[in-house]
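All remarks here apply to the structure that follows.
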Amino acid sequence: MPAKTYVQTTINGEHVDFLCEPRQSLLECLRDEIGLTGTKEGCNDGNCGACTVNIDGRIVTSCLVLGVEAEGADIETIEGVADGSNLHPLQLAFLENAALQCGICTPGFIISSKALLEQNPNPSEHEIRFWLANNLCRCTGYDKIVRAVQDAAKRLQEA
Amino acid sequence: MKWIDFEKPKTVEDAVKLLSDSGGNARPMAGGTDLIVQLRVGDPRVNADVVVDIKSIPELNELSYSSSKGLTIGAAVECYKIYGDANVNSHFSALNDSATLIGGTQIQGRASFGGNLCNAAPSGDSIPNMIAHGAVATIAGPSGTREVPVEDICTGPRQTLIGDDELLVSINFPSNGSGFGANYIRFIPRNEMDIAVAGVGASVTIEDGKFTSAKVSLASVAPTPLLVKEAGESLVGETVSEEAIQNAANLAKAAAKPISDMRGTADYRKHLCDVLTRRALNTAVERAQGAS
Amino acid sequence: MTTADYERNMVLATDTDYKVIGTRPVRHDGADKVTGRAIYGADFDAAGLLHGKILRSPHAHAKIISIDTSKAEKLDGVKAVVTSKDFPQSESRKDQWLKDNILASDKALYAGQAIAGVAASNPHVAESALGLIEVEYEVLPPVLTTQEAMASNASILHDSLTTEELGEDTGVVSNVASHSQHVKGDISKGFEDADVIIEREYNTKTVHQGYIEPHNATALWSPDGRLHVWCSTQGSFVVRDSLAELLDLPVSMVRVTPTEIGGGFGGKIPIYVEPVAALLSRKTGAPVKIVMSRRETFEASGPTPGSQIKIKIGAKHDGTLTAAYAWMAMEAGAYPGSPVGAAVQCVFSTYDVENSTIDGFDVVVNKPKTAAYRAPGAPNAAFGAEQAINELAEKLGMDPIELRLKNVAKEGTRRPDGPVFGKIGAKEVLEAMRDHPHYQSDKAEGTGRGVSIGFWFNIGFDSACNIAVNKDGSVNLTEGSTDIGGSRTSIAMHAAEVLGIPVEDVRPSVVDTDTIGFTAVTGGSRTTFATGWAAYEAAQDVKKQCIERAAKIWDVDANGLQMEDGVISSKSDSELRMTFKELAEQLSDTGGGISGSASVNPSGVGGSFAGNIADVSVDPETGKTTVERFTCVQDVGKAIHPSYVEGQMQGGSVQGIGWALNEEYFMNDEGTMTNSSLLDYRMPTSLDLPMIDTVIVEVANPGHPFGVRGVGEANIVPPTPTIANAIYDATGKRMTQLPMSPGAILSVSPE
């Protein structure tokens, strides 16, 4: 079998290097090579958003990124959202608004919502729903997720 | 997924060389939102051994505008850059109709109009819009570059006239005069994250209450995105009116040759061509009248 | 979106004398789940882990002539290949069917059915090996609907399947596994007495639960003969018992550790990849992990059935229902066992009708074996019955809620299928709907409004719980119910209420099958009811021991002591007083630690009713429906954690909206699903919905110490008829098929 590729990247602020096959997605690399299993696989074709990560300031579905493309990239995953032992306001808002049931989609929703609030600190309900349309949740019906994002926006603005 | 090799050339020349040296087994990749899925499921139409990541090539990341040259969008420019661009918003705002509805937010972080065109799906949401804007593609190959109107690129489902040894470099949109308006709309059962059951791109130029030019292009109702010349031509010289627009919509409907599948029956899709052409033309007219 | 000037999430509480019950604490597993630390099945890792993949039938109906795995076995990196031959000999026809649904032996009965499993050093190699397995099929015509399957010339799935007619084996080979009938009163007389009769046929398509996490399992068959499986399941004991049965092992030789689970809704009750991983582990001696793809999850797990339903209802001019008849045929999938039996128990149970007859048919077809999906069968039935009730109301010139109230079932009403209702809240739900600001408001211009109500009976079954007191005054609570939506917290709240301690001082864990007593599945809306009850009893056990210990410390009679609000005190001597925390510190020095336990199988199950009010608009040119406003009202008995109860109501409502509007298995003529992706199987996105308003109605269930009924299921029953009734109101079109997709709506003419 041909050689693996050496990839150097930054994940959650830390330098991370890993070996991967070019056919491995970034999602596979995060989960199987690096051990960051907080990023989830729901469909492996970009339609559920459970594998959402932030690369260089843009959210993407990591199942549709090759691991080798991560060379030199700055990646944020769910494991990097909390500040040490302090949860991010979005994480607190998701918990206090009961915005998760099974929780499998939650990492993707938090990464997506965080990117939204960073570029639009006070989004309307429609803007939240539009931005999050690439993140599927089958448990909640989205009501409490939308409210959690609204609540987090308020918390962040007050902070 | 079967084993692939990965290359990341820095110049158009290097990319073309990689493609031409591979004997047809290499595929250029921009955002990869179609290609990676096709490779993963072993789609026989995409049997690549080498993936050529073209996102490091400057020409493919160009996003520039001048009144003389119009708008140039490099083949790898992601949708979010298109709808975030001041020139696009000032001069080609109808392109955002497509850029904001290809996939969801995450897909728009990777997907490009160039990739959408090369993927050549009948449902490609940017293609009828580009056709309606009279866009022209620049293609580089071993023997130099050539320019081809977008409406001629797709030759069948997932098939284009871009050779295995060629690379789509950019797409150019000629400047529009005053009185220009365009729109792309599609019909999907959900409100996002869906494949067009039918889609319509329309553009018009209006002077003194009359159409001086018009184009209508359809998605998802033929083996390729379709320019319905007769629909646009029927409007030229006509006074803006419901009747003229309905007549164009009828012609668009007549030109549609859809199949029945899980996304909709052929009859339903033809019906939608009528409805959507009317709606797209009306919006294009509103925009044209707002712009003049 | 509607701007609400009222409380959008109401709780009509009947008993508020609680300290913990009815509050909204943050769940104990919350921090793990918002930081990515929670370990779900696919996250599980083990030293030397191998990856398994499964070869699946491309044909919906075919004889398997031969399977040649030799080339796959030789591929570099492949460690083992298994087929049905690796299973022990079957004891019975039913046993063989169970095995065949895991790995087919002589016949493939649906496209996607497993044929062989491969374990390899990495998943890509395992996948490549699948392409080297040679299977020779003799393709047979597929049977895809109940209509096709019940036709006299139908292609037969099972030569050994004979129809059971009203409990008797007829000996006739057919695709109809069984026909059941429930008769109450005299249906002919009932229709003779009717002034108005409504009669229609309804058809629904196969739909999937749509959980975001695909099925997964890791198995390690140890050299000591014990099998250990880690997987996302709704019932670890079901997995244990099923594995033991299929692999011919005593249950004590199988240990199942339930991981965190990414949704189930009934679909993660059966096993699929677990036995294949186990067989591969036995052959390799290594742990083997199998994770389904999304396509496999659609094509090879257990969706809920398509169905054909005929409803006939008669009433007098004053609205009194005189007769109700239902004929329901439901697709079982490849092997017998559709939810038609449950549908029979729900179809007319909201109403007190003197005369009713219900025929139910369980029919095999060439589709995946159906599994439970949230109130299985009941939404299909309600789609017909609750549209018929609205039609009746229109013909009688009555308000549809008033017509329902006039005939509503109450305590003492005998259900059409036999049981007599205890205390139920159907009337209270309908009254809450009628009085709701949504129903009292005027419809927005261009919208239509629909209402309906649905019933689900809920279940009890076994649950176990252990509680151990820590010396800091907290308690460790262990239980065996998979937590899919916050249940470990609602169960912990039962214990906290009894012990009078903060719920944060209860540390709940869902543990493996070696560590807790037998606990049935998380399903049937039973978890908070039954496992909560076990926690209540275990906490009572702890409480009793605390009082006894205090009596020992104080050297007084335990009968003179009490424990209230976390304080043990004497009823007569105010000096004798000690907090639970103070006692906990002394346990070790006064006779040792305290732990309580309970195993229960509660019989006091209380069924739940849920109703909806929905406003929709329909684009007259495209047929596309937009849900403008939606309200869900449900009697839950007692909401232990109202936020999580609302979440269940909202989630069930939205699954129902998806089912109503767009979700379906789209099968081609060969019987292959053509939309097996989350792009083309159109579940609702956030952009497709309004906020979902809720009203929690509390008609306490006398069969539970806090009045709990269970909340997970009844809420998916009314959405499909509610949306259908709203579409009718908006367009005049009576939709008799699901989904009510844009094209379908456009193709129907107004009445």
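The model shown is predicted, which means the values in this text are computed figures rather than measured ones.
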Task: Donor-acceptor under 3.5 Å (C:Arg629 side chain, C:Ala614 main chain) - done: no
Task: Backbone of C:Glu127 reached by a side-chain donor or acceptor of C:His51 within 3.5 Å - done: no
[Y] and [X] side chains, donor-acceptor separation under 3.5 Å:
| X | Y | result |
| --- | --- | --- |
| C:Ser525 | C:Glu713 | yes |
| C:Gln234 | C:Thr522 | no |
| A:Asp74 | A:Thr10 | no |
| C:His641 | C:Ser490 | no |

Need one label for [X]: side chain, backbone, both or neither, based on atoms under 4.5 Å from any heavy atom in chain A.
| X | value |
| --- | --- |
| C:Ser653 | neither |
| C:Glu260 | neither |
| C:Ala42 | both |
| C:Ile484 | both |
| C:Leu49 | neither |

Sort [X] into side chain, backbone, both or neither according to what part of it lies under 4.5 angstrom from a heavy atom of chain C.
| X | answer |
| --- | --- |
| A:Ala133 | both |
| A:Thr140 | backbone |
| A:Ile110 | side chain |
| A:Phe94 | side chain |
| A:Leu95 | both |
| A:Asn44 | neither |

Who wins among [options] for the most heavy-atom pairs under 4.5 Å with chain C?
| options | result |
| --- | --- |
| A:Gly141, A:Gly38, A:Gly35 | A:Gly141 |
| A:Leu92, A:Leu36, A:Asp143 | A:Asp143 |
| A:Leu132, A:Leu100, A:Thr106 | A:Leu100 |
| A:Gln24, A:Glu28, A:Arg31, A:Glu79 | A:Arg31 |

Task: Geometric class of the C:Phe265/C:Tyr211 ring pair [parallel <30°, tilted 30-60°, perpendicular >60°] - done: parallel
Check ion pair [X]-[Y] (N to O, under 4.0 angstrom):
| X | Y | result |
| --- | --- | --- |
| C:Arg24 | A:Glu96 | no |
| C:Glu663 | A:Arg138 | yes |
| A:Lys40 | C:Asp43 | yes |

Task: Choice from C:Arg37, C:Arg27, C:His124 maximising heavy atom contacts with chain A below 4.5 Å - done: C:His124
Open item on the list: Please rank C:Leu678, C:Val654, C:Ile212 by heavy-atom pairs under 4.5 Å with chain A and give me the top one.
Closed with: C:Ile212
- [ ] Report yes if the distance between the aromatic ring centroids of C:Tyr40 and C:Trp230 is under 6.0 Å, otherwise no.
- [x] no
About how many Å separate [atom2] of [Y] and [atom1] of [X], when rounded to the nearest 0.5 Å?
| X | Y | atom1 | atom2 | value |
| --- | --- | --- | --- | --- |
| A:Lys4 | A:Glu21 | NZ | CD | 5.5 Å |
| C:Leu679 | A:Asp45 | CG | CG | 7.5 Å |
| C:Asp483 | A:Gln101 | CG | CD | 10.0 Å |

TODO: Select all residues of residues 151-159 of chain A having any heavy atom within less than 4.5 Å of some heavy atom of chain C, and report them by number, or 'none'.
DONE: none
